[in-house]
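Each remark here refers to the structure printed beneath this line.
The figures that follow rest on heavy atoms only: side chains count, while hydrogens, waters and symmetry mates do not. We're numbering straight along the sequence, starting at 1.
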Amino acid sequence: VQLVESGGGLVQPGGSLRLSCAASGFTFNNYPMGWFRQAPGKEREFVAVIHRFGTDTYYADSVKGRFSISRDSAKNTVYLQMNSLKLEDTAVYFCALGTYWRTSSPIHYYGWGQGTQVTVSS
């Protein structure tokens, strides 16, 4: 399993970023795919997950209405579109495979990538 996140950067409050997670080494359509984030000194936090067929999504309350998760089976890639970014969204963002649908606990995910840094600052 290999997951490579990209797309992070520095953005002002209210701005947007789109993160990508390129997957390889497993059958992409067999797994839900999730995004998590971890800020300095804090535990890893669930952000969003998408069903293995892309037919359903689930979000943390803190990002609902601002973030959108999607997946492209032809490219074996999952995306996280982040709009209306806030200072508190600053973190390293990770993607991972879910062992079953709609779980938000990181213990039920594996294959973590190296993460991509998102910094929201004025």
Side-chain angles (χ1 to χ4, degrees):
V1 173
Q2 185 174 20
L3 299 171
V4 180
E5 300 94 338
S6 62
L10 174 64
V11 63
Q12 292 186 338
S16 297
L17 282 174
R18 189 176 82 152
L19 307 183
S20 299
C21 171
S24 60
F26 64 100
T27 304
F28 185 67
N29 287 350
N30 282 359
Y31 298 92
M33 296 294 298
W35 283 98
F36 287 75
R37 65 187 182 187
Q38 189 165 19
K42 294 188 176 181
E43 294 186 352
R44 194 161 294 191
E45 174 190 26
F46 169 76
V47 174
V49 61
I50 186 166
H51 189 272
R52 64 189 185 113
F53 296 133
T55 52
D56 201 358
T57 56
Y58 174 53
Y59 296 92
D61 287 344
S62 59
V63 306
K64 202 173 295 182
R66 300 188 297 122
F67 291 11
S68 177
I69 188 171
S70 61
R71 63 193 296 162
D72 185 336
S73 295
K75 296 182 178 180
N76 281 8
T77 300
V78 61
Y79 302 98
L80 186 68
Q81 177 67 43
M82 305 186 297
N83 299 326
S84 303
L85 282 161
K86 303 177 181 180
L87 297 176
E88 53 263 40
D89 294 320
T90 296
V92 178
Y93 283 70
F94 301 88
C95 65
L97 288 74
T99 54
Y100 62 92
W101 170 236
R102 218 174 182 270
T103 177
S104 60
S105 172
I107 66 172
H108 296 137
Y109 288 80
Y110 68 100
W112 300 92
Q114 85 289 347
T116 185
Q117 176 71 49
V118 172
T119 302
V120 184
S121 175
S122 55

**Request:** Kindly say whether Val4 contributes a backbone atom to a donor-acceptor pair with the side chain of Gln114 at under 3.5 angstrom?
**Result:** no
**Asked** Backbone N or O of Thr90 within a donor-acceptor pair of the Thr119 side chain at under 3.5 Å?
**Response** no
**Complete:** Under a side-chain separation threshold of 4.5 Å, the hydrophobic residues clustered together with Val49 are Phe36, Phe46, Tyr58, Val92, Phe94, Trp101, Tyr109, Trp112
**Request:** State plainly whether one hydrophobic cluster holds both Leu97 and Tyr93, where clusters connect Ile, Leu, Val, Met, Phe, Trp and Tyr through side-chain heavy atoms under 4.5 angstrom apart.
**Result:** yes
**Prompt:** Can any side-chain N or O of Ser20 pair as donor or acceptor with the backbone N or O of Ser6 at less than 3.5 Å?
**Reply:** no
**Request:** Would you list the pairs meeting disulfide bond (SG atoms under 2.5 Å apart) in which at least one residue belongs to residues 65-106, sequence neighbours left out?
**Result:** Cys21-Cys95
**Asked** Are the side chain of Thr77 and the backbone of Lys75 linked by a donor-acceptor contact shorter than 3.5 Å?
**Response** yes
**Prompt:** Any chain of hydrophobic side-chain contacts (each under 4.5 Å) joining Phe67 to Leu19?
**Reply:** yes
**Fill in**
Closest non-hydrogen atoms of Ser121 and Leu10, given as atom of the first, atom of the second and distance, are CB-CD1, 4.0 Å
**Request:** Give a yes or no answer on whether the side chain of Arg52 reaches the backbone of Gly98 with a donor-acceptor pair at less than 3.5 Å.
**Result:** no
**Prompt:** Where the side chain of Arg71 meets the backbone of Phe28, is there a donor-acceptor pair that is under 3.5 Å apart?
**Reply:** yes
**Item:** salt bridge (charged side-chain N to carboxylate O under 4.0 Å, His left out) involving Arg66 - partner list, sequence neighbours excluded
**Value:** Asp89
**Item:** Listed partners of Asn83 passing side chain to side chain donor-acceptor pair (under 3.5 Å), at least two apart
**Value:** Ser16, Gln81
**Request:** Give, for atom CG of Leu17 and atom CE of Met82, the distance between the pair rounded to the nearest 0.5 Å.
**Result:** 4.5 Å
**Same cluster (ILVMFWY, side-chain, under 4.5 Å), Trp35 and Val120** = yes
**Asked** If every non-hydrogen atom of Ala39 is compared with every non-hydrogen atom of Ala91, which pair is closest and at what distance?
**Response** N-CB, 3.8 Å
**Message:** With a 4.5 Å cut-off on side-chain heavy-atom distances among I, L, V, M, F, W and Y, is there a chain of contacts connecting Val63 to Val118?
**Reply:** yes
**Message:** Just to verify, what does Arg44 make a side chain to side chain donor-acceptor pair (under 3.5 Å) with, not counting sequence neighbours?
**Reply:** Gln38
**Asked** Residues in salt bridge (charged side-chain N to carboxylate O under 4.0 Å, His left out) with Lys42, at least two apart?
**Response** none
**Fill in**
The reported gap from OG1 in Thr57 to CZ in Arg102 (rounded to nearest 0.5 angstrom) is 9.0 Å
